[in-house]
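First up is the structure itself, then whatever we jot down about it.
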2 protein chains.
Amino acid sequence: MSQLPKQPAEGPVPTSADVARLAGVSRATVSYVLNNNPTVRISESTRRRVREAASELGYVPHAAARSLRAGHTRTVLMPTGDHPAGPLHHRFLHELESGLRRLDYTVVQHGSLGLDADEAARAWAELRPVAVIAPGGVALTPQGIAVLRRSGAKAVITLGPQPVDGAHALVMDQREVGSCATGHLLQRGRRRIGVVMPEEPGLAPFAEPRLSGARRVAADVGALIEPLPLRYDEESAGALAARWRTLGLDAVFAYNDAYAMLLMRALQDAGIEIPAETAVVGADDLLIGRLLRPRLSSVRMELAASQPLADLVDRLVRHPGGVPERHDLLRARAIPRESS
Amino acid sequence: MSQLPKQPAEGPVPTSADVARLAGVSRATVSYVLNNNPTVRISESTRRRVREAASELGYVPHAAARSLRAGHTRTVLMPTGDHPAGPLHHRFLHELESGLRRLDYTVVQHGSLGLDADEAARAWAELRPVAVIAPGGVALTPQGIAVLRRSGAKAVITLGPQPVDGAHALVMDQREVGSCATGHLLQRGRRRIGVVMPEEPGLAPFAEPRLSGARRVAADVGALIEPLPLRYDEESAGALAARWRTLGLDAVFAYNDAYAMLLMRALQDAGIEIPAETAVVGADDLLIGRLLRPRLSSVRMELAASQPLADLVDRLVRHPGGVPERHDLLRARAIPRESS
DNA sequence: TTGAAAGCGATACCAA
DNA sequence: TTGGTATCGCTTTCAA
């Protein structure tokens with residue numbers, strides 16, 4: 001009874017041959033039994049002997065050997081970027097991962113910090129993923145896509161603010177967020193609107209489209225849009241607040257709730273009345289925004305259900321070669337509170 | 001010049017045999033050249049021919065075949081839990097990953113949502129990782145550890161609030177946070193201290209040790225510690241605030257800054273003076289806490305540098321079999337502001 | 001119902 | 001300096 005050996009055997013890793021030997025059958029039979037191969041009939045007693053031998057040895061099949069033999073993997077590779085995903089995005093990724101696992105894919109995340117786009121694509125290609133789902137912020141070049149394709153990836157999919165040429169795209173179109181926030185401010189009668197642009201690297205792929213979304217709706221009514229670079233620290237916010245009145249703005253869309261809170265506090269400390277003198281709206285609808293006074297108006301984002309997307313990935317893998325598809329995942333909705 | 005073929009060849013994936021054929025050499029030579037094998041001398045002209053053939057075909061080696069042949073991988077597997085890591089933790093993981101990649105490991109993250117501990121361990125074992133680093137919140141049983149060991153993992157390491165029997169441990173001892181926060185409150189003369197316990201599942205592994213850390217230092221001076229269950233929503237916070245005075249507490253350690261902000265707002269709305277009647281301290285030292293009035297006192301956490309830990313993992317892989325090691329990663333420090 | 005054997009792609013030994 | 005070849009673990013066809 002050494003179920004929990006103090007010093008787990010350093011011996012060789014058991015293979016299907018070991019299982020076969022112990023069960024007194026051939027390796028073929030072991031494979032048939034453990035994979036429940038329906039094209040071949042094996043006696044119940046043999047099945048039992050094989051199963052017992054396998055569990056006695058603690059046998060675990062060798063994924064590399066299996067996929068080498070099969071000629072393909074069922075690996076879906078998700079590169080990870082270098083900045084933390086928000087809770088919304090994070091939950092979405094996890095659910096997508098579960099959905100894919102339910103379809104019998106092995107989902108694997110692979111960081112690429114410190115690798116350039118093509119090195120990274122090569123590193124991914126070595127794993128021979130059947131699909132690659134690259135979130136926004138992960139560089140994916142046409143060359144990289146070609147490398148992945150040549151190495152057997154049936155589907156290369158981007159997941160983020162904007163599509164990449166030659167890949168399928170699950171788009172979280174951030175312009176929606178900008179136009180939603182700005183539309184709300186316009187409705188409140190504001191016409192000179194600042195848009196906070198975080199200076200933190202890595203946020204640009206989100207911030208730029210939000211700005212252009214804002215511009216689009218503002219143009220319709222001839223309102224002014226003024227980009228406002230801001231670092232996420234009190235000093236930067238203080239400096240912006242200090243010159244606020246010279247800007248002559250009557251509203252600001254602050255990129256997200258965190259930046260909004262930072263800026264709103266700085267504006268209040270500079271004696272600017274919110275929302276009377278300047279309206280503020282964030283995005284993400286964090287609980288914390290509701291705790292401020294005035295309560296922070298925000299934009300709530302919702303992502304599409306992930307199971308249908310897992311099914312979509314599966315379809316792209318099974319019927320590759322179509323033209324790149326684009327699917328919009330993001331819906332945005334203004335949540336008016338007291339700050340606007 | 002079809003560097004960017006519109007329809008990337010659906011043909012078979014090029015192998016080293018294809019490279020050999022194109023270069024007019026044997027597969028062995030290809031391997032020698034591409035791996036810069038120093039034990040064999042190859043003429044410069046042959047090297048060039050091989051390299052050109054490889055890049056012309058877009059050849060990428062097949063990781064599975066390589067590791068099958070080698071008898072081992074250089075895969076470090078990091079299971080991911082189901083709740084988003086904070087920015088601190090997130091950055092740490094990314095740096096650890098980069099550090100390991102610098103040591104020529106392939107780091108791969110693998111979600112386990114919806115799998116039980118032993119299923120998950122089996123799934124990981126199929127990849128034959130040379131090391132597994134399991135963050136807190138990822139279930140890891142002694143059986144799971146045994147499965148991984150038997151399948152060739154040289155090092156099984158936990159990374160989180162508490163060690164797991166039989167594995168090496170990189171410990172982020174959350175008791176430090178609790179005792180640091182509580183020590184600060186005691187120093188301020190408070191003696192009846194509430195400790196917020198989030199009801200959200202998944203936070204218990206962090207919350208429990210923070211509580212026991214609080215208890216430890218409170219016991220030294222005979223102070224009272226009162227656990228306070230709280231959900232992360234306004235309703236729950238309001239209910240707690242409504243019965244606050246019946247609790248007779250003069251301070252609260254609110255698990256972290258987010259819970260602290262939630263509770264502090266509810267207390268203020270209930271007419272409780274902060275810090276006069278009740279002192280509040282959070283943890284994480286978020287920027288946002290500095291924006292509240294009164295400014296939120298907090299506990300700042302610092303993690304050990306990650307490169308030495310990457311080196312440690314490398315050492316454990318190369319010299320396996322020692323007794324499980326424990327390393328403390330977390331240091332905590334009180335940041336007094338206005339709320340305490 | 002079971003077994004023998006080929007072969008997936010890469011590497012490293014041994015020969016030439 | 002280079003090439004032939006056995007080998008890793010597994011699946012699957014073909015034979016028995």
Side-chain angles (χ1 to χ4, degrees), chain A residues 11-50 53-54 57-75 106 125-128 130 150-152, chain B residues 11-50 53-54 57-75 106 125-128 130 150-152:
Chain A
V13 180
T15 72
S16 74
D18 297 321
V19 176
R21 202 154 26 238
L22 182 57
V25 299
S26 76
R27 289 152 70 218
T29 305
V30 171
S31 173
Y32 292 144
V33 171
L34 296 184
N35 295 308
N36 289 313
N37 188 324
T39 69
V40 68
R41 309 201 61 74
I42 307 268
S43 71
E44 200 43 57
S45 71
T46 303
R47 304 187 99 88
R48 243 204 13 256
R49 284 214 318 286
V50 169
L57 293 174
Y59 170 72
V60 175
H62 191 309
R66 187 203 299 259
S67 61
L68 182 57
R69 167 65 223 227
H72 59 260
T73 68
R74 286 188 68 79
T75 301
T106 298
E126 294 194 359
L127 303 178
R128 296 290 190 273
V130 69
R150 284 214 62 83
S151 73
Chain B
V13 180
T15 72
S16 75
D18 298 320
V19 176
R21 202 153 27 239
L22 182 59
V25 300
S26 75
R27 291 153 70 221
T29 305
V30 171
S31 173
Y32 294 145
V33 171
L34 296 183
N35 295 307
N36 288 313
N37 187 324
T39 69
V40 69
R41 310 204 65 74
I42 307 268
S43 73
E44 200 44 56
S45 71
T46 303
R47 304 187 98 89
R48 243 205 9 259
R49 283 214 318 287
V50 170
L57 293 175
Y59 169 72
V60 175
H62 191 309
R66 190 205 297 264
S67 61
L68 181 58
R69 168 63 226 228
H72 60 261
T73 68
R74 285 188 68 80
T75 301
T106 298
E126 294 194 358
L127 302 178
R128 296 289 190 272
V130 69
R150 284 213 62 83
S151 74

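Excluded from the calculations below are hydrogen atoms, water molecules and symmetry mates; all remaining heavy atoms, backbone and side chain alike, are included. Quick caveat: nothing in here was measured; it's all calculated off a predicted structure.
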With no hydrogens and no angle check, is any side-chain donor or acceptor of Arg128(A) less than 3.5 Å from a backbone partner on Thr75(A)?
no
**Report entry** Ala70(A) backbone acceptor or donor facing Ser67(A) side chain under 3.5 Å
**Finding:**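 Here the side-chain-to-backbone pair does not exist.
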For [X], report the nucleic acid contact type (base, sugar-phosphate, nothing); a contact means any heavy atom under 4.0 Å.
| X | answer |
| --- | --- |
| Val40(A) | base |
| Ser67(A) | nothing |
| Thr15(A) | sugar-phosphate |
| Thr39(B) | nothing |

> Is a donor-acceptor contact shorter than 3.5 angstrom present between the side chain of Arg69(B) and the base of dT7(D)?
Replying inline: yes
### Message
Let's test your reading of the model: under 3.5 Å, does the base of dC13(C) pair with the side chain of Tyr32(B) as donor and acceptor?
### Response
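Pair found.
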State which of [options] makes the closest approach to the side chain of [X].
| X | options | result |
| --- | --- | --- |
| Ala28(A) | dA12(C), dT11(C), dT12(D) | dT12(D) |
| Arg41(B) | dC8(C), dT1(D), dA4(C) | dT1(D) |
| Asn35(B) | dT11(C), dT11(D), dG3(C) | dT11(C) |
| Arg27(B) | dA6(D), dG3(C), dT11(D) | dA6(D) |

[X] [atom1] to [N] [atom2], straight-line distance once rounded to whole Å:
| X | N | atom1 | atom2 | result |
| --- | --- | --- | --- | --- |
| Glu44(B) | dT2(D) | CD | C1' | 16 Å |
| Glu126(B) | dG9(D) | CD | P | 15 Å |
| Ile42(A) | dT12(D) | CD1 | C1' | 13 Å |
| His72(B) | dC8(D) | NE2 | P | 15 Å |
| Leu68(B) | dG9(C) | CG | C1' | 9 Å |
| Arg21(A) | dC10(D) | CZ | P | 12 Å |

